[in-house]
Amino acid sequence: MTDYKMMAEQVKTLAETDPWWVPMLSNISSLIYNTVPDLNWAGFYLINNGKLVVGPFQGKLACIHIEVGKGVCGTAVATNKLQKVDNVHEFAGHIACDAASNSEIVVPIHYEGKTVGVLDVDSPTLNRFTDEDASGLQEVVRTIEQVISWTCARA
Ligand code: SME
């Protein structure tokens, strides 16, 4: 089982080394991709001009823009709710960036009460993610949100 508490601690350490979002989210995508077993994509989409735009990630080339309300990522933003999808082929409007993806978790990221992006984690295995993965990744995102609020407060 993945130690998400330790992962959240590592996120804090990465942010202390350099809190700018580019190195921080780049290394977090690598941390998740290389720590959580059986993934084919892990990374971020960030809100820019009202749309999701791909951010730092690990995995194959990804769609660059996703409209709010479209796909699993856009649905997470529109509903402001974590999406745990056991079979992406049964999710109406799923956007298949990598044909290998079969299940997925998307967690909204907030700053000052607004959704500023999402963490998106995909697996080639159906039903890959448990409720523990969902709460663990939620914990990692909470840590990212704390880090964003310190760094924006300091800037
Ligand atoms: N599957 C996502 C699109 C992004 S890729 O998986 C990287 C979706 O439907 O939102």
Side-chain angles (χ1 to χ4, degrees), residues 1-4 7-8 10-11 14-15 18 20-148:
M1 233 184 77
T2 305
D3 187 345
Y4 288 104
M7 191 185 280
Q10 286 170 302
V11 165
L14 288 170
D18 193 321
W20 188 31
W21 65 271
V22 174
M24 182 179 73
L25 297 186
S26 302
N27 270 330
I28 296 171
S29 66
S30 172
L31 179 64
I32 294 173
Y33 189 78
N34 290 292
T35 308
V36 180
D38 197 21
L39 301 184
N40 60 304
W41 203 91
F44 297 90
Y45 278 87
L46 305 172
I47 297 275
N48 188 36
N49 291 326
K51 270 189 213 168
L52 287 165
V53 183
V54 75
F57 70 92
Q58 302 277 305
K60 288 194 181 159
L61 280 183
C63 323
I64 297 174
H65 297 128
I66 298 178
E67 300 285 339
V68 170
K70 302 278 187 222
V72 184
C73 293
T75 301
V77 175
T79 59
N80 196 23
K81 284 207 166 76
L82 180 149
Q83 304 290 308
K84 179 165 92 61
V85 181
D86 294 335
N87 180 352
V88 296
H89 308 290
E90 289 174 355
F91 188 99
H94 168 252
I95 301 162
C97 294
D98 180 349
S101 298
N102 279 317
S103 61
E104 168 162 15
I105 287 194
V106 179
V107 189
I109 304 171
H110 304 98
Y111 174 62
E112 290 189 331
K114 283 195 207 142
T115 303
V116 291
V118 297
L119 166 66
D120 180 10
V121 177
D122 295 3
S123 171
T125 302
L126 289 168
N127 299 302
R128 159 65 187 81
F129 300 105
T130 61
D131 290 344
E132 286 69 34
D133 290 304
S135 56
L137 290 168
Q138 179 65 75
E139 174 80 23
V140 169
V141 165
R142 251 184 234 118
T143 308
I144 294 171
E145 288 170 339
Q146 281 169 13
V147 168
I148 298 172

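Order of listing sets the numbers, starting from 1, for every ligand and every atom in it.
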Between Ala62 and Trp41, which heavy-atom pair has the shortest distance, and what is it?
CB-CZ2, 3.5 Å
Are any side-chain N or O atoms of Lys84 and backbone N or O atoms of Asp131, one a donor and one an acceptor, separated by less than 3.5 Å?
no
Taking all heavy atoms of Val140 and all of Ala8, pick out the closest pair and write down the distance.
CG2-N, 4.3 Å
Have a look at ligand 1 and work out which part of Asp120, if any, has a heavy atom under 4.0 Å from it: side chain, backbone, both or neither.
side chain
Between Lys70 and ligand 1, is there a nitrogen or oxygen pair with a distance under 3.5 Å?
no
Can you report which non-hydrogen protein atom sits closest to atom 6 (O) of ligand 1, along with the distance?
Asp122 OD2, 2.6 Å
On a heavy-atom basis, the closest approach of Ile66 and Cys73 is CD1-CB, 4.2 Å
Donor-acceptor side-chain pairing of Ser30 and Asn27 below 3.5 angstrom
no
Ranked by distance from atom 10 (O) of ligand 1, the top protein heavy atom is Cys73 N, 2.7 Å
Check ligand 1 against Ile66 and write out every atom of the ligand that is under 4.0 Å from a heavy-atom position of the residue.
3 (C), 4 (C)
Counting both backbone and side chain atoms, is some N or O of Trp41 under 3.5 Å from an N or O of ligand 1?
no
Between Phe91 and Gln83, is any pair of side-chain heavy atoms under 4.5 Å apart?
yes
For the side-chain contact (heavy atoms from CB on, under 4.5 Å) test, which of Val116, Asp120, Ile109, Val53 pairs with Phe44?
Ile109
Any N/O pair Gly71/ligand 1 closer than 3.5 Å
no
Is it the case that ligand 1 has an N or O less than 3.5 angstrom from some N or O of Ile95?
yes
Heavy-atom contact check, 4.0 Å cutoff: does Phe57 meet ligand 1?
no
Taking N or O atoms only and a 3.5 Å limit, does Glu104 qualify as a polar contact for ligand 1?
yes
What protein heavy atom sits nearest atom 5 (S) of ligand 1, and how far off is it?
Cys97 SG, 3.3 Å
Out of Leu39, Val106, Asn40, which residue meets the side-chain contact (heavy atoms from CB on, under 4.5 Å) rule with Val121?
Leu39
How far is atom 8 (C) of ligand 1 from its nearest protein heavy atom, and which residue and atom name does that atom have?
Val72 N, 3.3 Å
Distance check, rounded to the nearest 0.5 Å: Leu31 atom CG versus Met7 atom CE?
5.0 Å
How does Asp98 reach ligand 1, if at all, at less than 4.0 Å between non-hydrogen atoms: by side chain, backbone, both, or neither?
neither
